[in-house]
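Note that this is a predicted model, so its numbers are computed, not measured. Every heavy atom of this structure was used, including side-chain atoms; hydrogens, water molecules and symmetry mates were not.
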Amino acid sequence: MKFPKKVYTAKEVKRAKKLIDKGYKHKLEVEGSPEFKKKVNQALYLLRTANYYELVRTFIRKITEIDGLTQLRETEAIIWANKFAVENPVDAASLFVQKTNHMKEYLEGKEYYGGQAEKRSVEKRIEFLEKLEKESEDTNVKDECKRLLQMWEEASLAY
C-alpha cells in the first residue's frame, strides 16, 4: 500500500495512519534555495542528534521553502517554512518537532489545533530542546537550547 498523495478524506487519513502504524517512513525531502536547504539540513542533523529524526520523517514528507507564513500543510504532510523560520537551526529543529506533533495528532483524529493542542505541541518542542541539550556535544548547541528553553519558560509564566 502506498502513502496517499493527499491526506484529506477520512479514507486517506485512515490509509496514512494504517501505514504509519505498520512502520512506514517518508524519504524526507527538502525543497528550496541552496541556503534554505543548508539550514534545514543543519536542523535535521540536530534532530538526529536528539533521536527525533525518525519521528519527523514518519509524519512529514517534505519541508518546502515559501515566502509566506510558516505552517504545516496537514493534507499534504508538508511543512511550509520561510527563510526566517530556519535561520536558527536549533529553533528550526524544535519547530519541526512541534509541526510533527500537529501532524501526528491530525492523523490520530485528535484536535490538532487550538489552545490545548498548541500547548501539547509546545510541550513536545520543549522536550526536544531538553533532549538535544543533553545529547549534543556542541557547546553552542547546548547554549542555544538553554536560551530557547528560558524563552519558553518566560513565555509560559505570562499565561
Any heavy-atom pair between the side chains of [Y] and [X] that's under 4.5 Å?
X: Q98; Y: E118; value: yes
X: M151; Y: L148; value: yes
X: V30; Y: N41; value: yes
X: V97; Y: N101; value: no
X: K14; Y: K18; value: no
X: V40; Y: I63; value: yes
X: Q150; Y: R147; value: no
X: L72; Y: Y106; value: no

Of all heavy-atom pairs between [X] and [Y], which one has the smallest distance, and what is that distance?
X: K99; Y: I60; answer: O-CD1, 4.4 Å
X: E135; Y: T49; answer: CB-O, 3.6 Å
X: L28; Y: V56; answer: CD2-CG1, 4.3 Å
X: Q42; Y: P89; answer: OE1-CG, 3.1 Å
X: L132; Y: L46; answer: CD1-O, 3.6 Å
X: E76; Y: K6; answer: OE2-NZ, 3.3 Å

Please check: side-chain N/O of [X] versus main-chain N/O of [Y], any donor-acceptor pairing under 3.5 Å?
X: S136; Y: E133; answer: no
X: K131; Y: A50; answer: yes
X: K39; Y: V86; answer: no

query = Could you go step by step and tell me if T70 and W80 meet the side-chain contact (heavy atoms from CB on, under 4.5 Å) rule?
reply = CA-CA 5 Å; T70 297; W80 282 0; over 6 Å; no
ask   = Are there more than 12 heavy atoms of other residues, nucleotides or ligands under 6.0 Å from atom CD of E137?
value = no
message = side-chain contact (heavy atoms from CB on, under 4.5 Å), that's the test. Do E29 and R61 meet it? Break it down for me.
response = CA-CA 6 Å; E29 297 176 55; R61 91 170 71 212; 5.8 Å; no
Could you tell me the separation between the [atom1] atom of [X] and the [atom2] atom of [Y], rounded to the nearest 0.5 Å?
X: L95; Y: R125; atom1: CG; atom2: CZ; value: 5.0 Å
X: K62; Y: H26; atom1: NZ; atom2: NE2; value: 11.5 Å
X: F84; Y: D67; atom1: CZ; atom2: CG; value: 9.0 Å
X: R57; Y: L47; atom1: CZ; atom2: CG; value: 12.5 Å
X: E105; Y: S121; atom1: CD; atom2: OG; value: 5.0 Å
X: E31; Y: F36; atom1: CD; atom2: CZ; value: 9.0 Å

message = Can you classify the ring geometry of Y24 versus F3 as parallel (below 30°), tilted (30 to 60°) or perpendicular (above 60°)?
response = parallel
In the single-linkage hydrophobic clustering (I, L, V, M, F, W, Y; side-chain heavy atoms under 4.5 Å), do [X] and [Y] co-cluster?
X: I66; Y: M103; answer: no
X: V13; Y: I78; answer: no
X: I20; Y: V7; answer: yes
X: Y45; Y: I79; answer: yes

Considering only NZ, NE, NH1 and NH2 on the basic side and carboxylate oxygens on the acidic side, decide whether [X] and [Y] come within less than 4.0 Å.
X: K134; Y: E130; value: no
X: K17; Y: D21; value: yes
X: E35; Y: K83; value: no
X: E12; Y: R15; value: no

request  = Might you work through the salt bridge (Lys or Arg N to Asp or Glu O under 4.0 Å) test for R120 and E123, ending with a clear yes or no?
outcome  = CA-CA 5 Å; R120 289 189 304 271; E123 286 170 357; over 6 Å; no
task = Test N82 against E65 for side-chain hydrogen bond (donor to acceptor under 3.5 Å, both in side chains), laying out the working first.
result = CA-CA 5 Å; N82 62 39; E65 183 176 20; over 6 Å; no
